[in-house]
Amino acid sequence: MRETIMGSLALSRVDVLDQPAPSIAGEVARIAREQLAPLAAGIDDGSVYPVEVLRKFGEVGAWGSHVPHEGPADLRCAIQAMAAIGEVCGATAFMAWCQNTLVWYAANSTNMKLAKRFGDAFSTGRVLGGTGLSNPMKSFFGIEKLKLKGRKVEGGYIVRGALPWVSNLGPDHYFGTIFEREDDQGTANGEPGTVMFLADCSDPAITLTPCKPFLAMDGTGTYGVQFRDVFVPDELILADPAGPFVKKIRAGFILLQAGMALGLIKDCINIMGEVDGPLGHINRYLPQQPVHFGDLAAEIEAETMALARDPYNEEETYWRKVIALRLRAGEASVAAAHAAMLHCGARGYLMSHRAQRRLREAYFVAIVTPATKQLRKMLADS
């Protein structure tokens with residue numbers, strides 16, 4: 001039943017989704033160069049939230065290629081498109097990941113009404129949004145406690161609490177997150193019951209509060225979100241209980257982040273190449289050269305593409321490979337951006353030079369959930 005509905009949603013999308021993956025990534029790269037590049041500095045300093053460009057990416061298929069078709073799912077095209085965005089702007093690549101995860105949640109939900117209502121809207125970019133799983137992902141690995149609480153009422157749940165940072169939001173956006181049931185005795189192993197749902201930012205009981213300025217990427221639509229006894233109808237429930245659903249979507253959630261890293265690393269290689277003419281005679285004494293990061297990026301991309309073919313793989317060895325890859329991608333991002341700064345020298349220290357923006361964006365890749373320290377904990381615990 002679910003496959004039939006998702007299949008019909010896929011057929012109702014624009015024909016571009018039937019094109020081979022490189023054509024989607026190519027169109028995304030063209031839009032990124034022509035329309036996103038002029039906005040990158042404004043997105044970085046928080047004066048621009050690129051809503052029209054995000055919708056344009058959706059129109060050419062950037063948000064819909066990873067929707068499951070008759071069962072299997074393939075994340076490769078989505079990652080390639082995100083990498084193309086990331087070569088121009090790391091902040092927008094992060095928003096692309098937020099949108100892609102929102103699509104991933106709806107596409108994998110067994111709530112048929114929700115899938116039918118939102119599947120096409122999310123995947124084409126007509127409706128934008130993000131993911132509020134930072135706190136839940138930390139809670140599942142013993143780092144934090146769930147910040148949202150909910151209780152069952154007729155026709156849905158009442159949810160209260162607050163999330164400190166949720167991105168790619170606006171007054172007409174949606175995002176997926178999880179609450180802990182207060183009226184439940186928990187699961188068979190004694191853990192609290194959890195429910196995953198879509199939050200509607202237009203609900204008057206949901207308040208979006210702008211965050212304090214960040215080091216970078218201020219134009220990502222990031223807010224603190226307050227839930228004041230929000231009624232969440234059954235039509236917005238993604239999964240109840242949330243545990244098995246999270247286990248199904250977790251590899252995709254993490255693998256999609258590789259697109260942010262790959263795009264950033266590739267542009268850091270470009271930056272090093274751009275200063276080779278005037279500074280190559282002295283830069284050759286630096287231990288890390290563009291060719292080293294070219295080889296590293298190729299290795300990470302090849303492993304990413306191999307894992308992205310099968311995001312539903314339930315083997316523990318596969319899960320460990322996903323975690324290890326994400327850890328490597330984050331560390332490689334910081335190393336590449338650091339090298340680009342050293343290759344640029346003083347010119348890279350100017351606020352007008354993108355090398356310093358790339359360094360600030362790279363740290364975000366390393367600390368966004370799951371952060372470097374969480375990934376290391378996950379590997380140690382698995």
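Nothing here was measured: the structure is a model prediction, and the numbers come from that model. Atom set for the values below is all heavy atoms of this structure, side chains included, hydrogens, waters and symmetry mates excluded.
- Each of Phe214 and Phe94 belongs to its own hydrophobic cluster when Ile, Leu, Val, Met, Phe, Trp and Tyr are linked at side-chain heavy-atom distances under 4.5 angstrom.
- The two residues Cys89 and Arg357 come nearest to each other via the heavy atoms CA-NH1, 3.7 Å.
- Counting heavy atoms from C-beta outward, Ser382 and Arg320 have side chains that approach closer than 4.5 Å.
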Test side-chain contact (heavy atoms from CB on, under 4.5 Å) applied to Leu39 and Val53, step by step: CA-CA 10 Å; Leu39 305 177; Val53 178; 3.8 Å; yes
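- Ion pair Lys149/Glu180 flagged as a salt bridge, since at least one NZ, NE, NH1 or NH2 atom sits closer than 4.0 Å to an Asp/Glu carboxylate oxygen.
- Atom NE2 of His173 and atom CG of Leu102 lie 10.0 Å apart (nearest 0.5 Å).
- Under the 3.5 Å distance criterion, the side-chain polar atoms of Asp240 are left unmatched by any main-chain donor or acceptor of Val195.
- Side chains of Val368 and Met260 form a contact here, defined as non-hydrogen atoms less than 4.5 Å apart.
- At least one donor-acceptor pair closer than 3.5 Å links the side chain of Asn168 to the backbone N or O of Gly129.
- In summary, the side chains of Thr194 and Arg181 do not present any donor paired with an acceptor at a separation below 3.5 Å, with no hydrogens or angles considered.
- Glu34 has no carboxylate O lying under 4.0 Å from a charged side-chain N of Lys56, or vice versa, which leaves the two without a salt bridge.
- Here Phe197 and Phe179 bring their ring centres to under 6.0 angstrom of each other.
- No donor-acceptor contact under 3.5 angstrom links the side chains of Tyr157 and Asp234, judged on distance only.
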side-chain contact (heavy atoms from CB on, under 4.5 Å) between Gln374 and Ile143, intermediate numbers included: CA-CA 8 Å; Gln374 179 175 347; Ile143 300 171; 3.5 Å; yes
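- When atom types are taken as modelled, the side chain of Glu87 and the backbone of Gly263 share no donor-acceptor pair closer than 3.5 angstrom.
- Taking the charged nitrogens against the carboxylate oxygens, Arg376 and Glu331 do have a contact shorter than 4.0 Å, which makes a salt bridge.
- Side-chain contact check for Lys147 versus Val225: every heavy-atom pair is 4.5 Å or farther apart.
- No donor-acceptor pair under 3.5 Å is formed between the side chain of Tyr223 and the backbone N or O of Cys211.
- When hydrophobic clusters are built by joining Ile, Leu, Val, Met, Phe, Trp and Tyr residues whose side-chain heavy atoms come closer than 4.5 Å, directly or via intermediates, Val246 is grouped together with Tyr318.
- Partners of Arg126 by salt bridge (charged side-chain N to carboxylate O under 4.0 Å, His left out), not counting sequence neighbours, listed by chain and number: Asp120.
- Side chain of Gln288 to backbone of Phe293: no donor-acceptor contact under 3.5 angstrom is found.
- For the pair Leu286 and His343, the minimum side-chain heavy-atom distance is below 4.5 Å.
- Not a single donor-acceptor pair under 3.5 Å links the side chain of Lys266 to the backbone N or O of Asn270.
- Within a 6.0 Å sphere centred on CZ of Arg30, other residues, nucleotides and ligands contribute more than 12 heavy atoms.
- You'll find the side chain of Arg347 reaches within 4.5 Å of the side chain of Val275, heavy atoms only.
- Checked by atom type, the side-chain pair Tyr105/Asn100 shows no donor-acceptor distance below 3.5 Å.
- In this structure, the side chains of Arg117 and Leu236 come closer than 4.5 Å at one or more pairs of heavy atoms.
- Taking the centre of each ring, Trp104 and Phe122 stay at or above the 6.0 Å mark.
- Placement of Leu208 and Leu198 within a single hydrophobic cluster is found when ILVMFWY residues are connected by side-chain heavy-atom separations under 4.5 Å, directly or transitively.
- Between Glu235 and Ile237 the shortest side-chain heavy-atom distance does not fall below 4.5 Å.
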Chi angles and distances behind the side-chain contact (heavy atoms from CB on, under 4.5 Å) call for Leu36, Ile85: CA-CA 8 Å; Leu36 179 61; Ile85 295 169; 3.8 Å; yes
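- Under a cut-off of 6.0 angstrom, the local environment of CZ in Phe231 is crowded, with over 12 non-hydrogen atoms contributed by other residues, nucleotides or ligands.
- Leu279 and Cys344 make their closest contact through CD1-O, 3.7 Å (heavy atoms, listed as atom of the first residue, atom of the second, distance).
- Aromatic pair Trp63/Phe118: centroids not less than 6.0 angstrom apart.
- Ile323 and Val334 are assigned to two separate hydrophobic clusters, defined by single-linkage of ILVMFWY side chains at heavy-atom distances under 4.5 Å.
- Separation of atoms CG (Leu325) and CD (Glu299) is listed at 11.5 Å; rounding is to 0.5 Å.
- With a 6.0 Å cutoff to the six-membered ring centre and a 45° limit on the axis angle, Lys377 does not count as a cation-pi contact of Phe141.
- With 3.5 Å as the limit, one finds no donor-acceptor pair spanning the side chains of Thr220 and Tyr49.
- Considering only heavy atoms from C-beta on, Thr369 stays 4.5 Å or farther from Leu133 through its side chain.
- Between the Ser109 side chain and the Leu238 main chain, a donor and an acceptor come within less than 3.5 Å of each other.
- With salt bridges taken as basic N to acidic carboxylate O contacts below 4.0 Å, one links Arg358 and Glu361.
- At distances below 3.5 Å, not a single donor-acceptor pair connects side-chain atoms of His66 with backbone N or O atoms of Gly64.
- Remark: side-chain polar atoms of Thr177 are paired, donor with acceptor, to backbone N or O of Gly132 under 3.5 angstrom.
- Leu148 and Tyr174 fall within a single hydrophobic cluster, where Ile, Leu, Val, Met, Phe, Trp and Tyr are joined by side-chain heavy atoms under 4.5 Å apart, directly or via other members.
- Remark: the Ser202 side chain and the Asp200 side chain contain an N/O donor-acceptor pair separated by less than 3.5 Å.
- Heavy atoms from other residues, nucleotides or ligands lying under 6.0 Å from NE2 of His353 number more than 12.
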Step-by-step side-chain contact (heavy atoms from CB on, under 4.5 Å) determination, Met378 to Trp319: CA-CA 10 Å; Met378 291 163 66; Trp319 176 233; 3.6 Å; yes
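- Ionic pairing of Arg360 and Asp44 is present here: one or more N-O contacts between side-chain nitrogen and carboxylate oxygen are shorter than 4.0 angstrom.
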